[in-house]
Structure formats: structure tokens, C-alpha cells
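Note on naming: letters A, B, ... go to the chains in the order of the sequence lines (proteins, then strands), and numbering restarts at 1 for each one.
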Protein chains: 2
Amino acid sequence: MKKITIGEASRQSGVKVPTIRYYESIGLLPQLNRSEGNQRSYEAADLRRLAFIRHARELGFEVEAIRTLLILQDDPHQPCASADAIAKARLVEVEQRIRSLTALKAELELMVEGCGHGRVDQCRVIEVLADHGQCSHAQH
Amino acid sequence: MKKITIGEASRQSGVKVPTIRYYESIGLLPQLNRSEGNQRSYEAADLRRLAFIRHARELGFEVEAIRTLLILQDDPHQPCASADAIAKARLVEVEQRIRSLTALKAELELMVEGCGHGRVDQCRVIEVLADHGQCSHAQH
DNA sequence: TCTTGCACCTCTAGTCACTAGAGGATGTAG
DNA sequence: CTACATCCTCTAGTGACTAGAGGTGCAAGA
């Protein structure tokens, strides 16, 4: 097995070098073998773990959720109800966030359309910000 | 004019007391008159400014953007191109975020549906996380 | 062999927009 | 006058990194 340096691991996983060290420091990655010169040396399993973490972060899972998911992954005989619950909770969050952002989008569009590109005292952007009552969707 | 305390200002604006003090410390709110006992005393104009800030934060504007918007609001004769640009930039951000979250939502739905509620080694949630290649939308 | 220069190491501090808590002063109602 | 809520300042903590200082290791070219 050839030595994979942290730089190479970074390139292969798309996770930045300081971030990899950070993940190790908070215990998402195990303490690794070090080469003679105290440099970290990665193996294929470490790279898979890193890819897992990266993918989960991209999907918006928090580090604590990822920690739980990794424990589950490490023990394939456990029931997967926890993993399912974590994913479902994340789905609910995402749906809520989309609804909220969609309302914001409508608000911002009204603001931008209403701007006559004149002076501040006729600007709907400023005006709407100053008066929440002018919002069509009051859900924010 | 009656004295409005920070607690009253908090109740009327919906901004928490420590957050109001924080806004003052970073210069979004002016240094205020203090009563004899060194307590902050707010006036109607301060409450309007606070409402402006709160609304802008709810719409997701960053503090630095709000700082600019407040400067514009303070000088109504300026052209409003800056305000317009800030709002447009925010709109683009929001649209991008919605697209991204919609892709995530699809991914999470597949994961959750695919979970057979058995053991981890058959769980699609874990499986998909471990292998980005299984994602239908690769845009994350 | 030497040296150049990049990649690696650890550690601390900074980011954003707050939030929590300690420890003490003030104001108000009974 | 005594509770007790509210106010004050200050420091430190949050999450998930990111930036920088100051130093070591290593591989390749002269």
C-alpha cells in the first residue's frame, strides 16, 4: 500500500487540508498512522470515510448527525431506524427552509420590481424594509 | 416623551435585549442617551431603526449590507442604485439557495423512501451517503 | 551534497451573528 | 424597606470551519 499524504487525500476527496485536520481533531476521522516525519498517512478506508463525511455535509447534515451516522455505518448489524430518523428530520428542515426562502424570494422580487431607480426617498427597497406591513407574505 | 427602556424596545421590536445591545456595539444603532442610572433610553426613531434592521435580517441581509442600507436611508437624496443592487444580489442568492435545497430535497426523499427499516447494511440512507455516485442529481 | 521550495506540522485566533452567564447596579411595587 | 425584576458591563461560547505564524520534512534539480 502506497502512502497517501493529506494533500493527496484532500485532492481525492475535495475536502480542504485544514478541514481534514479539523475533522480528525473533533473525532470524525480516527487518529491516523504517522510516517517517520510525523506526517499523516491515509489509506483507502480513510478516504471512503472522508467521502462519506463530505457528502453528508453537502446534504446539510450537522457534524453531530454525521457522527451518529458514522457510528451506524461502522456497525452494519444495528437497526437503521436512527439513520432513517436523522434523514427524515433533515428532510423536514429542508422543506421548511425552501418554503421560507420562497416567501422571501417573492418579497425581494416585489422590492426590486418596485424600485424606480430614482432616489432613495422613492425607493421601494428601503421603504419596504422600513415597514414590514407592506409585505405581501407576512410569514417571515 | 416617555422613556422607553431596552426591555420595552425589545418587546415592541421583537429583537432580544442582548441583540439590541449587540447592534449598538457594532454601530448599527447610534450611541444612545442614557438616563441617570446609566440605562439606555429609546425614542420612536430608534424603534423604527430597530424594526428596519430586524426586517432586513429576516430577509437574510447580512449586517454589512444592512449598514449600507441604513446609510442610504439616512440620506434620502442619494440615488438608490446601491439599495437596488444589494436587494438584487440577495435575490440571486436566495434563488440559488432554493435551487440547491430543492435538489437536496429530492435526494433526501429518495434516501428515506429507499430505507427498508431493516438493518444498517441494507439501509439506503447510509449507502447513498457513502457513495455520491448514487445521487440522481449530482449538483451538490 | 547542497539548496530551493513546496508540503507538512502545531497552535492560536478570527469569522458571523449572535447567545449565555457572571457579577453587580438600578428601579419599582408592595 | 425589602423583594425582585430589570438593567449594566464584560468575557466566553456557539458551529464549522479559515487564516496565519512559526517551524519541520522531503523530493528534485544544480
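- Without hydrogens or angle criteria, A:R67 side chain to A:I26 main chain gives a donor-acceptor distance under 3.5 Å.
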For A:E58 and A:R54, run salt bridge (Lys or Arg N to Asp or Glu O under 4.0 Å): C-alpha distance rounded to whole Å, both residues' side-chain angles, the deciding distance at 0.1 Å, then the answer.
-> CA-CA 6 Å; A:E58 280 172 346; A:R54 191 200 171 187; 3.1 Å; yes
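- Not a single donor-acceptor pair under 3.5 Å links the side chain of A:R90 to the backbone N or O of A:E62.
- A:I20 places its CD1 atom 14 Å from the P atom of C:dA7, with the value rounded to the nearest Å.
- As rounded to whole Å, 13 Å separates atom P of C:dT28 from atom CD of B:E8.
- Residue-to-nucleotide proximity on DNA chain C shows that, of B:N38 and B:E64, the 5′-proximal contact is made by B:E64.
- Of the charged side-chain nitrogens involved, at least one lies within less than 4.0 Å of a carboxylate oxygen, so that A:E8 and A:R11 count as a salt-bridged pair.
- The phosphate of C:dT10 has OP1 or OP2 within less than 4.0 Å of a side-chain N or O from A:R34.
- Using modelled atom types, no side-chain atom of A:R97 and backbone atom of B:R97 make a donor-acceptor pair closer than 3.5 Å.
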Dump the intermediate steps for side-chain contact (heavy atoms from CB on, under 4.5 Å) on A:I53 and A:L29, then the final yes or no.
-> CA-CA 9 Å; A:I53 296 168; A:L29 291 174; 4.0 Å; yes
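- Heavy-atom nearest nucleotides on DNA chain D were determined for A:G37 and for A:Y22, and the one closer to the 5' end corresponds to A:Y22.
- When atom types are taken as modelled, the side chain of B:S100 and the backbone of B:Q96 share no donor-acceptor pair closer than 3.5 angstrom.
- A:R40 places its CZ atom 10 Å from the P atom of C:dC8, with the value rounded to the nearest Å.
- Side-chain nitrogen and oxygen atoms of B:K16 include at least one within less than 4.0 Å of the OP1 or OP2 phosphate oxygen of C:dT19.
- Atom pair B:I26:CD1 and C:dT15:P shows a separation of 13 Å (rounding to whole Å applied).
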Check the interface with nucleotides 22-24 of chain C: list each N/O to N/O pair with the protein under 3.5 Å, or write none.
none

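- Comparing B:R11 and A:V63 along DNA chain D, the residue whose closest nucleotide (by nearest heavy atom) sits nearer the 5' end is B:R11.
- For C:dC9, the OP1/OP2 oxygens have a side-chain nitrogen or oxygen of A:R21 closer than 4.0 Å.
- Note on A:F61: nothing from the nucleic acid sits closer than 4.0 angstrom, heavy atoms only.
- The span of DNA chain D lying next to chain B, judged by atoms under 4.0 Å from heavy atoms, is bounded 5' to 3' by D:dC7 to D:dT9.
- Between A:E24 and A:R21 there is no salt bridge, since none of the side-chain N atoms of the basic residue sits less than 4.0 Å from a carboxylate O of the acidic one.
- With rounding to whole Å, B:I53 atom CD1 is found 10 Å from C:dC18 atom P.
- The main-chain N or O of B:I6 is never found under 3.5 Å from a side-chain atom of B:S10 such that the two would form a donor-acceptor pair.
- When distances run from any side-chain atom of B:P18 to the nucleotides C:dG27, C:dT19, C:dA17, the shortest one goes to C:dT19.
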